[in-house]
2 protein chains.
Amino acid sequence: MTAEDTVPTRLRQAPSWLLGQASIHGHRLVTEHFASADARGYHYRLLAALQEFGPASQAALGRCTGVDRSDVVAALNELADKKFIERSPDPADRRRNIVTITSAGTDHLEHLTGVLTQIQDALLAPLSAAEREQLTHLLTRIVDHHTSRH
Amino acid sequence: MTAEDTVPTRLRQAPSWLLGQASIHGHRLVTEHFASADARGYHYRLLAALQEFGPASQAALGRCTGVDRSDVVAALNELADKKFIERSPDPADRRRNIVTITSAGTDHLEHLTGVLTQIQDALLAPLSAAEREQLTHLLTRIVDHHTSRH
DNA sequence: ACACCAACATTGGTGCGGCCAACGATAGCA
DNA sequence: TGCTATCGTTGGCCGCACCAATGTTGGTGT
């Protein structure tokens, strides 16, 4: 086999590749651990937003979590099935649903947050505390740049 | 709207979230720019491996690029349609296909590499050269940790 | 020589996550 | 009054990472 299990140099040097690979490992950790808790990424995003900002419309939830409107519907259906959120019509604007997190939902969110903390530790295992902060800072700047720039 | 377009703190602080978001922006850039060149990520990975390591079997290609065997088949079909690679049976091992990059394929790879360089620049725009190196280093360590650990 | 297991290419299917297009209903504004 | 925008919802698409099964072929142990 001419090609050992070595990543081609062209790839290994590209930040976009490294970013993608690192994010894949993170994503796998999240998926696996969340699956054990009968959850997935979208659930956490929505619950976190509801807990922090209080009851909100589905469109607002989608906007602040970066989840598409149509995907918000599906995720909220799943969360509603598990009694983690409740939908009620907005009396002030009959187009809107007001989404509220239940106490069971808050508990679930708290649990998932714990799980997520463990995940971060597994993901960043080879890095020191200072390096983790460095990485967070660099990534934040990239993300901010690409979101504020609309 | 109680929730403005602000990302919940719980998310904003999680490195896995930042990694995912940054990788999404990178991925979008790659997808868009590569689409203009009638290519996608898998194509580049495979062509890069072929160029660097020479003719190889599909299984070997999949292993060193991190692409699943079954997905290698599909991607190579696409590349073969465009005459960028050629499949020939391995006389020494009739289970194997020997995949070879054509000169058109090399040209295409070279072109895509140029495109990719531009992408890196757009992706890391807010970072200085030193910071880019820092980021690359940190990411490399994470990726290495999660791949060498099998 | 034989049985057995491992590796190969291929098919087909799953799931998540990020998208887009369209629809009917409603709100706000000209 | 219309025009436009927003909202929830349905349904679909694509990329990428996976898994399972199949038939073929190689290599090994006995």
Side-chain angles (χ1 to χ4, degrees), chain A residues 1 3 5 16-17 19-35 38-46 56-63 65-78 80 85 87-99 146-147, chain B residues 1 3 5 11 16-17 19-35 39-46 56-63 65-78 80 85 87-99 146-147:
Chain A
M1 53 213 71
D5 297 3
S16 65
W17 157 268
L19 219 39
Q21 288 307 107
S23 127
I24 283 176
H25 292 296
H27 188 267
R28 187 174 31 232
L29 288 172
V30 170
T31 303
E32 287 173 358
H33 286 71
F34 273 19
D38 210 44
R40 58 191 188 100
Y42 278 7
H43 298 172
Y44 187 76
R45 297 200 208 177
L46 296 173
S57 75
Q58 303 186 184
L61 285 174
R63 251 172 276 136
T65 56
V67 178
D68 191 87
R69 292 214 312 273
S70 58
D71 301 318
V72 171
V73 175
L76 286 185
N77 285 342
E78 296 161 6
I85 62 110
R87 268 188 265 230
S88 60
D90 186 339
D93 186 340
R94 301 221 307 278
R95 292 171 303 178
R96 288 186 166 93
N97 282 339
I98 297 183
V99 183
H146 288 275
T147 48
Chain B
M1 53 213 75
D5 297 3
L11 287 185
S16 64
W17 158 269
L19 220 37
Q21 288 306 109
S23 126
I24 283 177
H25 292 295
H27 188 268
R28 188 175 29 234
L29 288 172
V30 170
T31 301
E32 288 172 359
H33 285 71
F34 273 18
R40 58 191 186 99
Y42 279 6
H43 298 171
Y44 187 77
R45 298 201 207 175
L46 297 173
S57 75
Q58 301 185 188
L61 285 175
R63 251 172 276 135
T65 56
V67 178
D68 191 87
R69 291 215 310 274
S70 57
D71 300 319
V72 171
V73 175
L76 286 185
N77 286 341
E78 296 162 7
I85 61 111
R87 268 188 266 230
S88 60
D90 186 338
D93 186 340
R94 302 223 304 279
R95 293 171 303 180
R96 287 185 166 92
N97 282 339
I98 297 184
V99 183
H146 288 276
T147 48

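Numbered from 1 within each chain, the chains take letters A, B, ... in sequence-line order. Nothing here was measured: the structure is a model prediction, and the numbers come from that model.
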Return a table of donor-acceptor pairs under 3.5 angstrom between the side chains of residues 65-76 of chain B and protein atoms on other chains or two or more places apart.
unit_1: Thr65(B); atom_1: OG1; unit_2: Leu61(B); atom_2: O; d: 2.6
unit_1: Asp68(B); atom_1: OD2; unit_2: Ser70(B); atom_2: N; d: 3.0
unit_1: Asp68(B); atom_1: OD2; unit_2: Ser70(B); atom_2: OG; d: 2.6

Query raised in the report: What closest approach, in Å, do Ala56(A) and Ala60(A) show between heavy atoms, and which atom pair accounts for it?
Result: CB-CB, 4.4 Å
Query raised in the report: Excluding sequence neighbours, so at least two apart, what forms ring-ring contact (aromatic ring centres under 6.0 Å, His included) with Tyr42(B)?
Result: none
Requested in this report: Please state whether the phosphate of dT10(C), meaning OP1 or OP2, lies under 4.0 angstrom from any side-chain nitrogen or oxygen of Arg87(B).
Outcome: yes
Requested in this report: Under the side chain to side chain contact (heavy atoms under 4.5 Å, CB included) rule, collect the residues that match up with His25(B), sequence neighbours excluded.
Outcome: His146(A), Thr147(A), Arg28(B), Leu123(B)
Query - Gln21(B), nearest nucleotide to its side chain (from dG18(C), dA17(D), dC16(C)) - result: dG18(C)
Query raised in the report: With nearest nucleotides of DNA chain C determined for Asn97(B) and Arg45(A) from heavy-atom distances, which residue corresponds to the more 5′ nucleotide?
Result: Asn97(B)
Report summary line: Interatomic distance, CG@Leu19(B) vs CD1@Ile24(B), rounded to 0.5 Å, equals 10.5 Å
Query raised in the report: Taking only N and O in the side chain of Gln58(B), is any of them less than 4.0 Å away from OP1 or OP2 of dC8(C)?
Result: no
Report task. Report which part of the nucleic acid Gly41(B) touches: base, sugar-phosphate, or nothing (heavy-atom distance under 4.0 Å, all strands). Result -> sugar-phosphate
Requested in this report: For the helix from dA3(C)-dT28(D) to dC29(C)-dG2(D), measure the angle between the helix axis at one end and the axis at the other, each built from five pairs, rounding to 10°.
Outcome: 10°
Query raised in the report: Taking only residues two or more places apart in sequence, or in another chain, which ones meet Asp93(B) in a salt bridge (charged side-chain N to carboxylate O under 4.0 Å, His left out)?
Result: Arg95(B), Arg96(B)
Query raised in the report: Counting only side-chain N and O atoms of Arg96(B), is one of them less than 4.0 Å from OP1 or OP2 of dT25(D)?
Result: no
Query raised in the report: Could you state the interatomic distance from CD (Gln21(B)) to NE2 (His27(B)), rounded to the nearest 0.5 Å?
Result: 13.5 Å
Report summary line: Leu46(B) CG to dA9(C) P, in whole Å, measures 12 Å
Requested in this report: May I have the distance from Leu61(A) (atom CG) to dT6(D) (atom C1'), rounded to whole angstrom?
Outcome: 15 Å
Report task. Taking only the side-chain nitrogens and oxygens of Arg28(B), find out if one of them lies under 4.0 Å from OP1 or OP2 of dC19(C). Result -> yes
Report summary line: Ranking dC8(C), dG18(C), dT25(D) by distance to the side chain of Tyr42(A), first place goes to dG18(C)
Query raised in the report: Can you list the residues that meet the side chain to side chain donor-acceptor pair (under 3.5 Å) rule with Gln58(A), with sequence neighbours excluded?
Result: Arg87(A), Asn97(A)
Report summary line: Rounded to the nearest 0.5 Å, the CD1 atom of Ile98(A) sits from the OG atom of Ser88(A) at a distance of 5.0 Å
Distances for protein N/O vs nucleotides 28-30 of chain C N/O pairs under 3.5 angstrom?
none

Query - Reported OG1-to-NE2 distance for the pair Thr31(B) and His33(B), which is rounded to 0.5 angstrom - result: 11.0 Å
Give every pair of a protein N or O atom and an N or O atom of nucleotides 11-13 of chain C that lie under 3.5 Å apart, one pair per line with the distance.
unit_1: dG12(C); atom_1: O6; unit_2: Ser70(B); atom_2: OG; d: 3.2

**Report entry** Phosphate OP1/OP2 of dC16(D): any His27(B) side-chain N/O under 4.0 Å
**Finding:** yes
